[in-house]
Amino acid sequence: MSSITIALSKGRIFEETLPLLAAAGIEPAENPERSRKLIIGTNRPDVRLVIVRATDTPTYVQHGAADLGIAGRDVLLEHGGTGLYQPLDLRIARCRMCVATPAGFDYAAAVRPGGRIRVATKYIKSARQHFAGKGVHLDLIKLYGSMELAPLVGLADAIVDLVSSGGTLRANNLVEVEEILHISSRLIVNQASMKMKRELIQPVLDAFSGAVA
Ligand code: ATP
Ligand code: MG
């Protein structure tokens, strides 16, 4: 019997996906916040969930270790999207990617053509693309988290990070100086699975898109 595997990350994506799964008649057997299990069954014998790090979701789906997954636009842009269909914007986990600097920093002067700026971020590709058209010399510093710290200790002039309420920026005396992208999470599908397991995947896709609309 054919079955499908859905890759999800813990936290906001798992929580915000629960109503979509419910619309598709899928109920996880356990909550990954409480269980330490990485493979979680559901009420349906032909559907299981795997719990992965948010940045790893496209990799599992690309290689067919999961048939479906849910990943942020930020993560998908860094991954590049190879081997993935992205049929549906789920409009969950919404925030924006922006440039932020310390309150006193003269950002306009730094990004004038011929200027130079040091930017710390985990979104190297998106940051490079954002600054590419400005004619500014960009020094990119790759970090894996807590980007807000970098300008406060002299590691960078600015950060590229995700913002929703702005509370973390404010708490660290940073201000948003430029918006780069609106971010939400998308359903991703392995391209081979879409062909080979269409009879299982299409109803999930239809239920998700009905629940989003
Ligand atoms: P970790 O927080 O464990 O380091 P992560 O930041 O990659 O990992 P999450 O915080 O669960 O994982 O974020 C998952 C996705 O949710 C991100 O890729 C992004 O698309 C979105 N997201 C991140 N921060 C916010 C936020 N503050 N508000 C809404 N959505 C967000
Ligand atoms: Mg996070």
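Start at 1 and go down the list; that is how both ligands and their atoms are numbered. Being a predicted model, the structure only gives us computed values, none of them experimental.
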**Q.** Val75: numbered ligand 1 atoms lying under 4.0 Å from its heavy atoms
**A.** 18 (O)
Q.
I'd like to check which ligand 1 atoms, numbered from 1 as shown, lie under 4.0 Å from a non-hydrogen atom of Ala54.
A. 7 (O), 12 (O), 14 (C)
Q | Row check, Tyr123 ring normal vs Lys125 NZ/CZ: under 6.0 Å, within 45° | A | no
(Q) Checking side chain to side chain contact (heavy atoms under 4.5 Å, CB included) between Glu27 and each of Val47, Leu18, Asn43, which is the one that passes? (A) Asn43
Nearest protein heavy-atom contact for [atom]: which residue, which atom, what distance?
| atom | value |
| --- | --- |
| atom 27 (N) of ligand 1 | Ser164 OG, 2.9 Å |
| atom 24 (N) of ligand 1 | Arg12 NH1, 3.1 Å |
| atom 30 (N) of ligand 1 | Ala93 O, 3.2 Å |
| atom 15 (C) of ligand 1 | Ile13 CD1, 3.9 Å |

Q.
Could you check whether Ser193 and Asp67, counting side-chain N and O atoms only, form a donor-acceptor pair closer than 3.5 Å?
A. yes
Q: May I ask you to check whether Arg94 and Ser184 show a side-chain donor-acceptor distance below 3.5 Å?
A: no
**Q.** Identity of the nearest option to atom 17 (C) of ligand 1, non-hydrogen atoms only, from Leu76, Asp74, Ile183
**A.** Asp74
Q.
Looking at non-hydrogen atoms alone, which of Arg53, Met97, Arg96 comes nearest to atom 1 (P) of ligand 1?
A. Arg53
Does ligand 1 have an atom under 4.0 Å from some heavy atom of [X]?
| X | result |
| --- | --- |
| Lys122 | yes |
| Thr55 | no |
| Gly72 | yes |

Q | Proximity to ligand 1 by part of Glu78, non-hydrogen separation under 4.0 Å | A | neither
Q | Donor-acceptor pair, side chain of Asn172 and main chain of Leu174, under 3.5 angstrom | A | no
